[in-house]
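This report concerns only the one structure given below.
The figures here come from the full heavy-atom set of this structure, side chains too, leaving out hydrogens, waters and symmetry mates. Everything numeric in this text was worked out from a predicted model, so none of it was measured. A note on names: the letters A, B, ... follow the listed sequences, proteins ahead of strands, and every chain is numbered from 1.
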Amino acid sequence: MPELPEVETIRLGLEERLLGALIKTIDLRDQKLTRGQVDLLTIKKLVENNYLVKFGRCGKNLLLFLSNGNILFWHLGMTGSFKISENIEEIPYLRAYLETDKGYLLYSDIRRFGKLGVIKSTNELKKGIDPLGDNYLYDNFNKLLTSNKVIKSFLLDQEKISGIGNIYADEILWKAKILPNRPANSLSTEEINRLFKTIPEVLKEAIKHRGTTISDYRDINSNPGEYSERLKVYGKEGKPCNECQGIIKKIKLGGRSSCFCSDCQK
DNA sequence: ACGTAGTCCTGACGGC
DNA sequence: TGCCGTCAGGACTACG
């Protein structure tokens with residue numbers, strides 16, 4: 001579910017509501033959340049009785065910076081979402097929560113693909129270039145496009161560019177007018193330029209509209225994202241393209257469905 | 001080094 | 001109504 005724009009929307013919401021809050025308790029109801037890398041007692045020791053001094057994001061990871069210098073990273077997987085509440089509400093699929101002096105941060109996750117852990121530095125997260133970060137520079141981007149792997153899979157590879165998921169990969173390629181099955185190293189200079197520019201454009205526009213809701217995604221105030229109304233190709237197979245009236249097609253690439261307009265995209 | 005398929009989970013939807 | 005297959009915003013592993 002949550003790709004970069006959704007995680008960023010959540011980050012902004014948390015900043016508004018929980019910046020400076022004191023964490024009293026962390027509880028994990030689903031032990032799978034840490035993938036066996038840390039036990040609950042250790043997590044508690046590292047996290048409890050700390051202030052939330054900053055909220056960050058790294059690709060699709062949400063980062064909670066603690067006053068003891070540790071960072072709690074939280075990946076929402078496919079269906080993770082947060083809600084802030086005065087009490088522990090027994091919301092469905094509640095998998096973890098933080099009790100703070102500014103309220104409870106409840107985490108629910110239907111499919112249990114979410115993951116969290118405590119790190120000392122963001123270097124510990126495997127990650128590529130964040131398209132909204134300082135390292136997103138043309139030369140760095142260009143250097144990555146050397147393989148013949150299809151461009152759609154390249155965009156989804158978090159170790160190259162981090163934050164793009166299946167929805168935005170399709171939307172970006174449509175806007176950049178590039179077919180999803182083109183080998184990455186076959187792009188012309190002009191196409192690379194277009195792609196380089198389009199990636200942050202689409203992501204920023206989506207953040208402006210507080211992300212995309214297909215079914216599960218909600219921001220921390222339980223509001224759906226409004227970028228769903230602006231999608232041009234994702235989930236639009238069989239419908240006419242906005243731009244040219246051609247019919248949107250759907251194919252599988254790297255095991256993921258990919259929607260595109262074969263007239264607009266070359 | 002690459003692509004692909006299987007795996008982890010749970011729920012929704014369509015076809016018969 | 002019920003059963004079954006397929007699919008879903010992600011990402012890891014194993015295999016060829």
Query raised in the report: Are OP1 or OP2 of C:dG9 and a side-chain N or O of A:Tyr168 less than 4.0 angstrom apart?
Result: no
**Report entry** Pairwise C1' distance, C:dC7 and B:dA5 [rounded to whole Å]
**Finding:** 16 Å
Query raised in the report: Using the P atom in both, what is the distance from B:dG6 to C:dT6, to the nearest Å?
Result: 11 Å
Query raised in the report: Does A:Thr79 have a side-chain nitrogen or oxygen under 4.0 Å from the phosphate oxygens OP1 or OP2 of C:dG10?
Result: no
Report summary line: In whole angstroms, the gap separating P of C:dC12 from CZ of A:Arg112 amounts to 18 Å
Query raised in the report: Looking at A:Lys60, does any N or O in its side chain come under 4.0 Å of the phosphate oxygens OP1/OP2 on C:dA11?
Result: yes
**Report entry** Distance in angstrom units between A:Lys152 NZ and B:dG3 C1', rounded
**Finding:** 15 Å
Query raised in the report: For the side chain of A:Arg111 and the base of B:dC9, is some donor closer than 3.5 Å to an acceptor across the two?
Result: yes
Requested in this report: Using the six-membered ring for Trp and the full ring for Phe, Tyr or His, decide whether A:Phe113 stacks on the six-membered base ring of C:dG10 (centres under 5.5 Å, planes under 30°).
Outcome: yes
Report task. Under the side-chain contact (heavy atoms from CB on, under 4.5 Å) rule, what do A:Lys127 and A:Gln158 come out as? Steps first, then yes or no, please. Result -> CA-CA 6 Å; A:Lys127 58 172 198 293; A:Gln158 303 300 305; over 6 Å; no
**Report entry** Touch class at under 4.0 angstrom, heavy-atom based, for A:Ile110 against every strand present
**Finding:** sugar-phosphate
Query raised in the report: Given atom CD1 of A:Ile161 and atom P of C:dA11, what is their separation to the nearest angstrom?
Result: 14 Å
Query raised in the report: In terms of side-chain heavy atoms, does A:Thr198 have a donor or acceptor partner in A:Lys175 at a distance below 3.5 Å?
Result: no
Report task. Determine: side-chain N/O of A:Tyr227 to OP1/OP2 of C:dG9, distance under 4.0 Å, yes or no. Result -> no
Report task. Report the glycosidic orientation of B:dG6: syn if within 90° of 0, anti in every other case. Result -> anti
**Report entry** Whether A:His209 and A:Tyr227 hold their rings parallel, tilted or perpendicular, with breakpoints at 30° and 60°
**Finding:** tilted
Report summary line: Pairing partner of B:dT4, by Watson-Crick or G-U wobble and under 3.5 Å for both distances, is C:dA14
Query - Touch class at under 4.0 angstrom, heavy-atom based, for A:Lys32 against every strand present - result: sugar-phosphate
Query raised in the report: At under 4.0 Å between heavy atoms, what does A:Ser215 touch on the DNA or RNA strands: base, sugar-phosphate, or nothing?
Result: base
Requested in this report: Take atom CG of A:Asp109 and atom P of B:dC9, then tell me their distance rounded to the nearest Å.
Outcome: 12 Å
Report summary line: From CG of A:Leu62 across to C1' of C:dG9 the rounded distance in Å is 16 Å
Query - Short side-chain N/O contact from A:Lys252 to OP1 or OP2 of C:dA8, under 4.0 Å - result: yes
**Report entry** Residue that, paired with A:Leu18, satisfies side chain to side chain contact (heavy atoms under 4.5 Å, CB included) out of A:Thr100, A:Ile220, A:Ile23, A:Leu98
**Finding:** A:Thr100
Report task. Answer yes if the ring centres of A:Tyr234 and A:Tyr168 are under 6.0 angstrom apart, and no otherwise. Result -> no
Query raised in the report: Going by an N to O cut-off under 4.0 Å, is there a salt bridge joining A:Arg111 and A:Asp216?
Result: no
Report task. Grab the CH2-P distance between A:Trp74 and C:dA11 for me, whole Å please. Result -> 17 Å
Query raised in the report: Applying a 3.5 Å limit to both distances, which nucleotide forms a Watson-Crick or G-U wobble pair with C:dG9?
Result: none
Query raised in the report: How close or far is atom P of C:dG10 from atom CG of A:Leu4, stated in whole angstroms?
Result: 12 Å
Report task. Determine: side-chain N/O of A:Lys250 to OP1/OP2 of C:dA8, distance under 4.0 Å, yes or no. Result -> yes
**Report entry** Distance, rounded to the nearest Å, where A:Ile91 contributes CD1 and B:dT10 contributes P
**Finding:** 16 Å
Report summary line: The single option from A:Asp170, A:Asn166, A:Ile167, A:Leu231 that satisfies side chain to side chain contact (heavy atoms under 4.5 Å, CB included) with A:Cys259 is A:Asp170
Query raised in the report: Taking the nucleotide of DNA chain C with the closest heavy atom to each, which residue, A:Leu156 or A:Ser257, is nearer the 5' end?
Result: A:Ser257
Query raised in the report: Base, sugar-phosphate, or nothing for A:Gly255, non-hydrogen atoms under 4.0 angstrom?
Result: nothing
Query raised in the report: OP1, OP2 of C:dG10 versus side-chain N and O of A:Arg256: anything below 4.0 Å?
Result: yes
**Report entry** OP1 or OP2 of C:dG10 under 4.0 Å from side-chain N/O of A:His75
**Finding:** no
Query - Spacing of the P atoms in C:dG5 and B:dT7 (rounded, Å) - result: 15 Å
**Report entry** Residue-phosphate contact under 4.0 Å: A:Gln158 side-chain N/O, C:dA11 OP1/OP2
**Finding:** yes
